[in-house]
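My questions all concern the structure below.
Sequential numbering from 1 along the given sequence is applied to the chain's residues.
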Amino acid sequence: MKKIRVLAVVLALAMICSVLAGCDGTTASSAASASGMSADDGPVKLTAYISHISDTERFPLPILDELAEKANVEIEWTVMSMPDWRTQKSVILASGELPDLIFGCAMTDVDVNTGSFIDLKPYLDDAPNIKRFLDENSDAMNMATDADGAIYALPGQPALRPYSGDVLYVNQVWLDNLGMEAPTTTEEFFDMLVRFRDEDPNGNGIQDEVGFSGYAGGGGTASVLSTAGELGWVFPAFGVVMNHSDTYCMVKDGVPEFQPITDNYRAAVEYINRLWDENLMDHEFWTLDFNGCAAKYRSDPLTVGVGSGWSIATNCGENAQYYTMIEPLEGPNGDKYWNSSDYFYKLNDNRVGITTSCKNVEAAIRFLDACYDEYAGLQLAYGSEDVVVGKDDNGNPTFLETPEGYTDDEWTMMNSMGVGAPTWCSPEFEASITGDNTNLEKLNADKFYSEWFLEDSRMPYITYDNDTLSELSILQTDINEYVLQSLATFITEGVTDESWDAYVQQIQAMGLDRLMEIYTEGYNSVA
């Protein structure tokens, strides 16, 4: 039936993930006939590299077996961990010894432009699920289409993905104990943290309260600034809305503007420095990872007053009952916004590609198209039928009850490919999903924050040609890393006119003008 290989870290030429699973409601016989092949010929053998599998002992997922059978293919899977894939993918793609499919693995535009993948565009008429996805979603089509007009890899758009990132929440027990209301401005927030620090709101007689905590260790270069989970929730209150973009740009009057050298950005950094100097911010912020941060939120007694995360339950576990989500803070100039993006969370680029080594492209396309069936996609992203999802009495997709001892997120990650799955979901299908699950709660939080989205400020997804992409990669990496390093220094040591001017001059010397030229040309090409 199936062959599985799990790659060890020591394999230098590990080949990458690719799964081709799909479900369009057809039988194996009719699916095969659609590509001109009789089911009597037996299943077509394919090879695939797959990542985004957190529990290899549960692999292959039942939905993958089901989709392979319906598509009349037999897949030999090579499973790689996500860290192994990230470190080895360049060698793998250059080796010339490729599987038929690279599936669910994180690939950049540079990766898919190595000449290792075929153009999928000529096959779209034979892939109705994929064609519908791209036809109905201009952002997805823009993301999929290379600068030369070809489609070398497909993006994914799993169900229940929001426009905004993490939520901001406050310890409601502490507010009640101190007779306080939730803060609405940056100054009220500062004053609340002072009282959290000084008035023993957890009542244990020890000054062990932390004002707000977070973690920079797991966020990556861009996300510390542009997502809520680290520091992104502060900047919009000062008119800096970078919308989860690693460009660090905000569109103003139709023109991208690099935010980390603006006066508003400096004001936000100075505010965070006040929190640091007053010991209102966790001084382990720069060294914590998610697990260390979550342990603080889940302590008994409660020791953290404010946090931000994908959901309150994700960070706080059973302590989620003691925290409440709050609105964005209003800054000194009346700014009150929330980061959002048309694609950052909703779309994942380059989720799957068919390599030039594939001898039966029609079978591979048949399998991929099955993956882009919406109900199959729900199972790929969240868990197989009768394990994580099912159908309710009205025939609608629903989440089943999570077994005791697991959070919804933990159970999902054990039994699925997660949001890295190559699939899609329409708004209509998404609206039909029922059940009690934190993923549905996330959409409600997204609706809550949507009032403060600044849509016109969003940078779109931009595709560049290879030469520009290579130049951009160097400029962006160097400048972004310097911005982040400087941010840590400014927060912990403060900002002076002299240090700020030197910082701005250094960014300009690193090629900011050319970087903004590339961003602006890219923006104008899709705006």
**Report entry** Main-chain N/O of Lys252 paired with Glu257 side-chain donor or acceptor, under 3.5 Å
**Finding:** no
Query raised in the report: Under 4.5 Å between any side-chain heavy atoms of Val483 and Tyr248, yes or no?
Result: yes
Report task. Using only heavy-atom distances, determine whether the side chains of Ser311 and Thr314 contain a donor-acceptor pair under 3.5 Å. Result -> yes
Query raised in the report: Is the backbone N or O of Asn142 less than 3.5 Å from a side-chain atom of Thr145, with the two atoms forming a donor-acceptor pair by type?
Result: no
Report summary line: CD1 of Ile261 to CD1 of Ile507, rounded to nearest 0.5 Å, is 6.5 Å
Query raised in the report: Cut-off 3.5 Å, side chains only: do Arg458 and Ser340 have a donor facing an acceptor?
Result: yes
Query raised in the report: Taking only residues two or more places apart in sequence or in another chain, which ones pass ring-ring contact (aromatic ring centres under 6.0 Å, His included) with Tyr152?
Result: none
Requested in this report: Indicate the ring-plane relationship of Tyr343 and Tyr461, choosing parallel, tilted or perpendicular according to the 30° and 60° boundaries.
Outcome: perpendicular
Could you pull out all donor-acceptor pairs under 3.5 Å where a side-chain atom in residues 440-448 meets a protein atom, sequence neighbours excluded?
from   : atom 1 : to     : atom 2 : distance (Å)
Lys442 : NZ     : Gly165 : O      : 2.4
Lys442 : NZ     : Trp310 : O      : 2.9
Asp446 : OD1    : Tyr163 : N      : 3.2
Asp446 : OD1    : Ser164 : N      : 2.8
Asp446 : OD1    : Ser164 : OG     : 2.5
Asp446 : OD2    : Tyr163 : N      : 3.0

Query raised in the report: Is the closest side-chain heavy-atom distance between Met516 and Pro256 below 4.5 Å?
Result: yes
Requested in this report: Apply the test side chain to side chain contact (heavy atoms under 4.5 Å, CB included) to residues Leu124 and Ile151: give CA-CA distance (whole Å), side-chain angles for both, the deciding distance (0.1 Å), then the verdict.
Outcome: CA-CA 10 Å; Leu124 293 183; Ile151 296 177; 4.2 Å; yes
Query raised in the report: So how far is it from Lys89 NZ to Ser116 OG, rounded to the nearest 0.5 Å?
Result: 12.5 Å
Query raised in the report: In terms of side-chain heavy atoms, does Thr423 have a donor or acceptor partner in Gln157 at a distance below 3.5 Å?
Result: no
Query - Pairwise side-chain contact, Met510 with Leu475, heavy-atom cut-off 4.5 Å (strictly under) - result: no
Report task. Go through Phe399 and Leu160 one step at a time and tell me if the side chain to side chain contact (heavy atoms under 4.5 Å, CB included) criterion holds. Result -> CA-CA 12 Å; Phe399 281 97; Leu160 308 177; 3.5 Å; yes
Query raised in the report: Are any non-hydrogen side-chain atoms of Val526 and Pro460 less than 4.5 angstrom apart?
Result: yes
Query raised in the report: Between Met417 and Pro422, what is the shortest heavy-atom contact and its length?
Result: CE-CD, 4.0 Å
Query raised in the report: So, Asn437 versus Asn439: side-chain donor-acceptor pair below 3.5 Å or not?
Result: yes
Query raised in the report: Would Asn350 and Asp111 count as having a side-chain donor-acceptor pair, cut-off 3.5 Å?
Result: no
Query raised in the report: Phe235 and Tyr265: ring-ring contact (aromatic ring centres under 6.0 Å, His included), yes or no, with the steps?
Result: CA-CA 7 Å; Phe235 290 89; Tyr265 178 92; 5.2 Å; yes
Query raised in the report: Under 3.5 Å, is there a donor-acceptor pair between the side chain of Glu410 and the main chain of Thr407?
Result: yes
Report task. Tell me, with the steps shown, if Phe133 and Asn129 meet side chain to side chain contact (heavy atoms under 4.5 Å, CB included). Result -> CA-CA 6 Å; Phe133 167 45; Asn129 292 326; over 6 Å; no
Report task. Taking all non-hydrogen atoms of both residues into account, name the closest pair between Thr463 and Ala147 and its distance. Result -> CG2-N, 3.5 Å
Query - Exam field: side chain Ser245 to backbone Met242, donor-acceptor pair closer than 3.5 Å - result: no
Query raised in the report: From Glu517 CD over to Asp513 CG, what is the distance, rounded to the nearest 0.5 angstrom?
Result: 8.0 Å
Query raised in the report: Is there side-chain contact between Pro99 and Thr78, with heavy atoms separated by less than 4.5 Å?
Result: no
Report task. Mark yes or no for whether Asn348, through its side chain, and Ala421, through its backbone, hold a donor-acceptor pair below 3.5 Å. Result -> no
Requested in this report: Mind checking the OG-CD spacing from Ser426 to Glu136? Nearest 0.5 Å is all I need.
Outcome: 7.0 Å
Requested in this report: Would you check if there is a donor-acceptor pair between the side chains of Asn243 and Ser341 at a distance under 3.5 Å?
Outcome: no
Query raised in the report: Nearest 0.5 Å, what's the CE-OG distance between Met143 and Ser138?
Result: 11.0 Å
Query raised in the report: With distance as the sole test, does Trp424 use its side chain to make a donor-acceptor pair with the main-chain N or O of Pro158 at under 3.5 Å?
Result: no
Report task. Find out whether Tyr449 and Leu168 are in side-chain contact, i.e. whether some heavy atom of one side chain is under 4.5 Å from a heavy atom of the other. Result -> yes
Query raised in the report: Given Asp465 and Leu469, is the side chain to side chain contact (heavy atoms under 4.5 Å, CB included) satisfied, shown in steps?
Result: CA-CA 6 Å; Asp465 61 62; Leu469 197 59; over 6 Å; no
Acceptor/donor pairs from residues 382-389 side chains to any protein atom, 3.5 angstrom cut, sequence neighbours excluded:
from   : atom 1 : to     : atom 2 : distance (Å)
Tyr382 : OH     : Ala159 : O      : 2.6
Ser384 : OG     : Ile63  : N      : 3.1
Glu385 : OE2    : Tyr375 : OH     : 2.7

Query raised in the report: At their closest point, which heavy atom of Tyr464 faces which heavy atom of Ile462, and how far apart are they?
Result: CZ-CG2, 3.4 Å
Report task. Report the C-alpha separation of Asn480 and Asp246 in whole Å, then their side-chain angles, then the decisive distance to 0.1 Å, and conclude whether the side-chain hydrogen bond (donor to acceptor under 3.5 Å, both in side chains) test is met. Result -> CA-CA 8 Å; Asn480 282 11; Asp246 60 3; 5.6 Å; no
Report task. Verify the distance criterion only: is there a donor paired with an acceptor across the side chains of Gln476 and Tyr519 at less than 3.5 Å? Result -> yes
Query raised in the report: Is there a salt bridge (Lys or Arg N to Asp or Glu O under 4.0 Å) between Arg161 and Glu430 once you walk through the steps?
Result: CA-CA 9 Å; Arg161 300 298 291 167; Glu430 187 170 81; over 6 Å; no
Query raised in the report: Is it true that atom CG of Asp119 has more than 12 heavy atoms of other residues, nucleotides or ligands lying nearer than 6.0 Å?
Result: yes
Query - Spacing of CD1 belonging to Ile354 relative to CG belonging to Leu154, to within rounding of 0.5 Å - result: 8.0 Å
Requested in this report: Show the numbers, then the answer: is there a ring-ring contact (aromatic ring centres under 6.0 Å, His included) between Trp452 and Tyr337?
Outcome: CA-CA 5 Å; Trp452 299 284; Tyr337 302 113; over 10 Å; no
Requested in this report: Dump the intermediate steps for side-chain hydrogen bond (donor to acceptor under 3.5 Å, both in side chains) on Asp100 and Thr47, then the final yes or no.
Outcome: CA-CA 5 Å; Asp100 297 315; Thr47 56; 3.3 Å; yes
Query - N/O donor-acceptor pair under 3.5 Å between Ser416 side chain and Thr412 backbone - result: yes
Query raised in the report: Would you find a donor on one side and an acceptor on the other, under 3.5 Å apart, between the side chain of Ser457 and the backbone of Leu454?
Result: yes
Query raised in the report: When you measure from the side chain of Lys391 to the backbone N and O of Thr398, does any donor-acceptor pair fall under 3.5 Å?
Result: no
Report task. Fit a plane to each ring of Trp411 and Tyr406, take the angle between them on a 0 to 90° scale, and name the class: parallel (under 30°), tilted (30 to 60°) or perpendicular (over 60°). Result -> tilted
Query raised in the report: Out of Arg366, Glu362, Lys359, which residue meets the side chain to side chain contact (heavy atoms under 4.5 Å, CB included) rule with Val44?
Result: Arg366
Query - Within 6.0 angstrom of Lys131 NZ, more than 12 heavy atoms from elsewhere - result: no
Query raised in the report: Would a distance-only check, ignoring hydrogens and angles, find a side-chain to backbone donor-acceptor pair under 3.5 Å from Asn394 to Asn396?
Result: no
